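What follows is a single structure, written as structure tokens, with notes after it.
All values reported here derive from a predicted model rather than from experimental measurement. Positions are given from 1 along the sequence.
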Amino acid sequence: METETATRWLSDAEQCAWRTHLDVSRLLMHQLEKDLQPFGLTNNDYEILVNLSESDDQRMRMSDLAASTLQSKSRLSHQITRMESAGLVRRENCESDRRGLYAVLTELGAETMQKVAPHHVASVRKHFMDLLSPEALAELHAALAPIADHLRGRRGKP
């Protein structure tokens, strides 16, 4: 005999917190994207440039970059093609694995990061950090860290 599990609906306080989180996430990402537009970049472009600029030799295997940016390999491949056309990155073959490819930050990509990063950080400060007290920031980090850890552990699992 099957037993039906009752849905645990969100309380009013949970619903309010959830919807506020969704609003802030969407609105903040929209604003950050808008602030990158004058540089001809999207949030995805910037995230890829950050990952490459912070990696050893300013290169990452495409599969690792896809995992790091939470993109499918095919979506990342299209993104990298577009960024290659702009001269920001290039692909290189992987010597140890003939099927593998690296995404590599170009000189123009590195120069773009140096130019854009201060503006991006200013945008993050203006629209997020500077609106929170140090105590609120610490509380926010404490509240969100376990969720991020849980979701990182779930990647690739149903």
Could you tell me whether the side chain of [Y] reaches within less than 4.5 Å of the side chain of [X], counting heavy atoms only?
X      : Y      : result
Ile48  : Gln79  : yes
Leu105 : Leu88  : no
Glu92  : Leu101 : no
Leu28  : Leu32  : yes

Distance check, rounded to the nearest 0.5 Å: [X] atom [atom1] versus [Y] atom [atom2]?
X      : Y      : atom1 : atom2 : answer
Leu52  : Thr106 : CG    : OG1   : 9.5 Å
Leu108 : Lys115 : CG    : NZ    : 8.5 Å
Ser123 : Gln31  : OG    : CD    : 6.0 Å
Leu49  : Glu47  : CG    : CD    : 10.5 Å
Ile147 : Arg152 : CD1   : CZ    : 11.5 Å
Leu41  : His120 : CG    : NE2   : 10.5 Å

To check you understand the geometry: which heavy-atom pair defines the closest contact between [X] and [Y], and what is its length?
X      : Y      : value
Ser77  : Arg91  : O-NH2, 3.0 Å
Ser53  : Met113 : OG-CE, 4.0 Å
Met62  : Ala103 : SD-CB, 3.7 Å
Ser133 : Ala136 : OG-N, 2.9 Å
Trp9   : Glu14  : O-OE1, 4.1 Å
Ala142 : Pro146 : O-CD, 3.1 Å

Ring pair (Phe, Tyr, Trp, His ring centres under 6.0 Å) with Phe39: which residues, sequence neighbours excluded?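 Here the qualifying residues are His119.
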Residues that His21 engages under ring pair (Phe, Tyr, Trp, His ring centres under 6.0 Å), provided they are two or more places apart: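 So His21 forms a ring pair (Phe, Tyr, Trp, His ring centres under 6.0 Å) with Trp18.
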Nonpolar side-chain network containing [X], other nodes, edges under 4.5 Å:
X      : answer
Val121 : none
Leu131 : none
Tyr102 : Val104

Listing request: all salt bridge (charged side-chain N to carboxylate O under 4.0 Å, His left out) pairs with a residue in residues 124-137, at least two apart in sequence or in separate chains.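 Sorted result for residues 124-137: Arg125-Asp130.
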Does one hydrophobic cluster hold both [X] and [Y], with members joined at side-chain heavy-atom distances below 4.5 Å?
X      : Y      : result
Leu137 : Val24  : no
Leu10  : Leu22  : yes
Leu27  : Leu144 : no

Which residues pass the salt bridge (Lys or Arg N to Asp or Glu O under 4.0 Å) test with [X], not counting sequence neighbours?
X     : result
Asp57 : none
Arg19 : none
Asp45 : Arg82
Arg8  : none

Which is it for Asp23 and Arg26 under the side-chain contact (heavy atoms from CB on, under 4.5 Å) test, yes or no, and what are the steps along the way? CA-CA 5 Å; Asp23 284 348; Arg26 284 190 293 256; 3.4 Å; yes
Looking at residues at least two apart in the chain, or sitting in another chain, which of them share a side-chain hydrogen bond (donor to acceptor under 3.5 Å, both in side chains) with Asn43?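 For Asn43 the side-chain hydrogen bond (donor to acceptor under 3.5 Å, both in side chains) partners, ignoring immediate neighbours, are Glu33.
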Qualifying ring-ring contact (aromatic ring centres under 6.0 Å, His included) pairs with a residue from residues 125-148, counting only residues at least two apart or across chains: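 Listed by first then second residue: nothing to list.
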Would Arg59 and Asp56 pass as an ion pair if we require N to O under 4.0 Å?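 Salt bridge absent between Arg59 and Asp56.
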Exactly one of Thr81, Leu65, Ile80 should register a side-chain contact (heavy atoms from CB on, under 4.5 Å) with Val89. Which one does?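 In the set Thr81, Leu65, Ile80, the residue that makes a side-chain contact (heavy atoms from CB on, under 4.5 Å) with Val89 is Ile80.
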